[in-house]
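Here the structure is laid out as structure tokens; the discussion comes afterwards.
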There are 2 protein chains.
Amino acid sequence: MQYQEAKDKFISTWGSLGSLWGINKAMAQIQALLFISTKPLSMEEIMDELKISRGNTSMNLRQLIDWGIVSKTIVAGERKEFFTTEKDVQELARIVAKERSRREIQPVIKILDEVSSIKDDGSEKTKELIKQTKALHELTETMDAVINKLVNQKQNWITKSVLKFFK
Amino acid sequence: MQYQEAKDKFISTWGSLGSLWGINKAMAQIQALLFISTKPLSMEEIMDELKISRGNTSMNLRQLIDWGIVSKTIVAGERKEFFTTEKDVQELARIVAKERSRREIQPVIKILDEVSSIKDDGSEKTKELIKQTKALHELTETMDAVINKLVNQKQNWITKSVLKFFK
DNA sequence: TTAAACTTTCAATAATTATTGAAAGTTTGT
DNA sequence: ACAAACTTTCAATAATTATTGAAAGTTTAA
């Protein structure tokens with residue numbers, strides 16, 4: 001496999017994988033492109049490489065910036081904006097985990113808490129609803145706590161966690 | 001909040017949350033309904049409760065069975081099939097984690113391995129592609145190993161893992 | 001202050017994904 | 001062997017989500 005083929009394969013795989021880490025295809029592809037680029041890229045270059053429109057590029061870059069994964073940089077002597085992504089995979093994983101917790105897990109915890117707190121009217125079905133949603137609430141909170149614990153452990157968190165598990 | 005409202009809220013929240021654990025809305029809603037049901041439900045009952053068609057119910061039940069989350073049960077004196085879901089949240093989490101690893105993470109690991117193994121032609125861009133995809137490969141493998149370690153630890157794995165982390 | 005260079009917005013459209021419903025298929029009791 | 005009871009399949013359709021492109025908006029250099 002040559003460079004170009006490997007590059008295309010990586011970008012398209014990462015793109016279709018977006019759903020795994022909760023973002024859309026174009027967003028994931030832009031991130032992938034920046035991730036293997038040796039220098040900051042302009043909007044023009046991103047559009048050309050990925051064959052996507054200006055509007056699409058602009059919107060998805062904004063989302064990546066909102067996530068904290070991509071930053072604007074200035075290039076000496078250039079008027080247009082250039083973009084770079086976080087290059088350290090562990091830092092990247094930390095950011096993604098933190099954002100998903102905030103955006104998706106926390107809201108669910110809130111609703112599970114509400115639902116599992118309804119008044120027990122003594123009926124079997126109410127008891128079952130309370131019991132099951134309480135269990136889910138507890139599980140979700142525990143997982144979120146684990147994620148946040150990991151995430152706040154800046155240095156080499158993955159490696160550290162693995163060491164703990166495998167010892 | 002009364003029973004019916006809590007039930008509806010739980011089912012719709014769990015449904016729209018499907019994407020978080022990689023399944024579609026109807027699938028997640030069927031699972032949610034079974035999860036808080038006090039008895040096995042027939043296809044008829046599921047259709048009625050969720051207001052979805054027979055075809056949709058049939059297809060999504062099949063997928064849930066493929067995932068290993070739902071099982072058919074026979075009810076004495078009844079000709080039609082009834083369905084139940086795994087009621088233990090930890091077991092449920094184990095199954096989901098295992099399936100997602102198999103369906104989504106493993107294939108990505110394979111591709112990252114291929115891409116990161118291309119011949120180094122000495123150019124800067126090739127070096128960068130190899131370096132970055134290698135890092136991603138390593139991270140993904142590590143995470144997958146952690147998931148599988150957790151997943152094979154049948155009893156109370158969540159609690160155990162938390163104890164390790166917080167001590 | 002102007003106009004060229006550049007970015008953002010958003011209504012229209014395309015692409016994708018989910019859902020329906022009726023026909024075909026299967027199983028079971030007699 | 002038949003037909004009633006039930007389930008599955010799948011082409012058509014609906015709903016959702018992503019993408020385009022051109023107009024509006026912004027910034028900068030002279």
Side-chain angles (χ1 to χ4, degrees), chain A residues 11-34 40-67 70-85 103-104, chain B residues 11-34 40-67 70-85 103-104:
Chain A
I11 289 172
S12 81
T13 303
W14 209 242
S16 57
L17 197 74
S19 61
L20 192 67
W21 49 297
I23 68 178
N24 75 28
K25 200 180 92 183
M27 216 173 135
Q29 290 190 340
I30 293 171
Q31 200 277 327
L33 178 63
L34 293 172
L41 299 179
S42 67
M43 228 169 74
E44 213 71 27
E45 290 170 304
I46 296 170
M47 289 167 56
D48 288 354
E49 286 269 9
L50 302 179
K51 305 272 182 287
I52 59 178
S53 72
R54 186 175 297 283
N56 201 2
T57 309
S58 170
M59 287 175 112
N60 285 107
L61 274 171
R62 176 143 56 100
Q63 284 203 77
L64 284 164
I65 292 169
D66 282 351
W67 271 69
V70 163
S71 345
K72 290 186 182 177
T73 57
I74 39 168
V75 169
E78 289 273 12
R79 184 151 159 184
K80 54 171 151 313
E81 295 172 318
F82 286 76
F83 301 90
T84 52
T85 188
R103 292 166 191 248
E104 297 170 290
Chain B
I11 290 172
S12 81
T13 303
W14 209 242
S16 57
L17 198 73
S19 61
L20 191 67
W21 50 296
I23 67 177
N24 76 26
K25 200 180 92 183
M27 218 174 134
Q29 289 191 339
I30 293 172
Q31 199 278 326
L33 178 64
L34 292 172
L41 300 179
S42 67
M43 227 169 76
E44 214 70 28
E45 291 170 305
I46 295 170
M47 290 167 57
D48 289 354
E49 286 268 8
L50 302 179
K51 306 273 182 285
I52 59 178
S53 72
R54 186 175 298 282
N56 201 3
T57 308
S58 170
M59 288 174 112
N60 285 106
L61 274 171
R62 176 143 56 101
Q63 284 203 76
L64 284 165
I65 291 169
D66 283 350
W67 271 69
V70 163
S71 347
K72 291 186 181 177
T73 57
I74 39 168
V75 170
E78 290 273 12
R79 183 151 160 187
K80 55 170 153 306
E81 295 172 320
F82 286 77
F83 301 89
T84 51
T85 188
R103 293 166 191 246
E104 297 170 290

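The distance from atom CG of Leu64(A) to atom C1' of dT8(C) is 16 Å, rounded to the nearest whole Å. For the pair Met47(B) CE and dA18(C) C1', the interatomic distance rounds to 16 Å; values are reported in whole Å. Rounded to whole Å, the distance from NZ on Lys51(B) to C1' on dT20(C) is 16 Å. The CD1-C1' distance, from Ile52(B) to dA18(C), rounds to 11 Å in whole Å. Here dT7(C) presents its P atom at 18 Å from CD of Gln63(A), a figure rounded to the nearest Å. Counting to the nearest Å, the P atom of dC10(D) and the CG atom of Asn56(B) are 16 Å from each other. The distance from atom NZ of Lys72(B) to atom P of dC6(D) is 14 Å, rounded to the nearest whole Å. If you measure from atom CD1 of Ile65(A) to atom P of dT8(C), you get 8 Å, rounded to the nearest angstrom.
Listed nucleotides dT7(D), dT19(C), dT20(D) differ in distance to Met43(B); the shortest reach to its side chain belongs to dT7(D).
Residues Asp66(B) and Arg62(B) are in side-chain contact: their nearest non-hydrogen atoms beyond the backbone lie under 4.5 Å apart. Residues Arg103(B) and Trp67(B) have side chains in contact (heavy-atom distance under 4.5 Å, counting atoms from C-beta outward). Side-chain contact check for Met59(B) versus Met27(B): every heavy-atom pair is 4.5 Å or farther apart. A 4.5 Å side-chain heavy-atom check between Met43(A) and Arg54(A) finds at least one atom pair inside the cut-off. Counting only heavy atoms from C-beta outward, the side chains of Ile23(B) and Gln31(B) never approach each other to under 4.5 Å.
With a cut-off of 3.5 Å on both pairing distances, the Watson-Crick or G-U wobble partner of dA22(D) is dT9(C).
Phosphate contact (OP1/OP2 of dC6(C), side-chain N/O of Arg54(A), threshold under 4.0 Å): absent. Taking side-chain N and O atoms only, Arg62(A) has no distance below 4.0 Å to OP1 or OP2 of dT7(C).
Using a 4.0 Å heavy-atom cutoff across all strands shown, Asn24(B) reaches sugar-phosphate atoms only and no base atom.
Closest heavy-atom contact between Ile11(A) and Gln29(A): O-CG, 3.7 Å. Contact between Asn60(B) and Ile30(B) at its shortest, heavy atoms only, is CB-CD1, 3.7 Å.
For the contact set between residues 77-85 of chain B and DNA chain D, defined by any heavy atom under 4.0 Å, the members are Arg79(B), Lys80(B), Glu81(B).
The residue among Glu44(B) and Met59(B) whose nearest nucleotide of DNA chain D is located toward the 5' end is Glu44(B).
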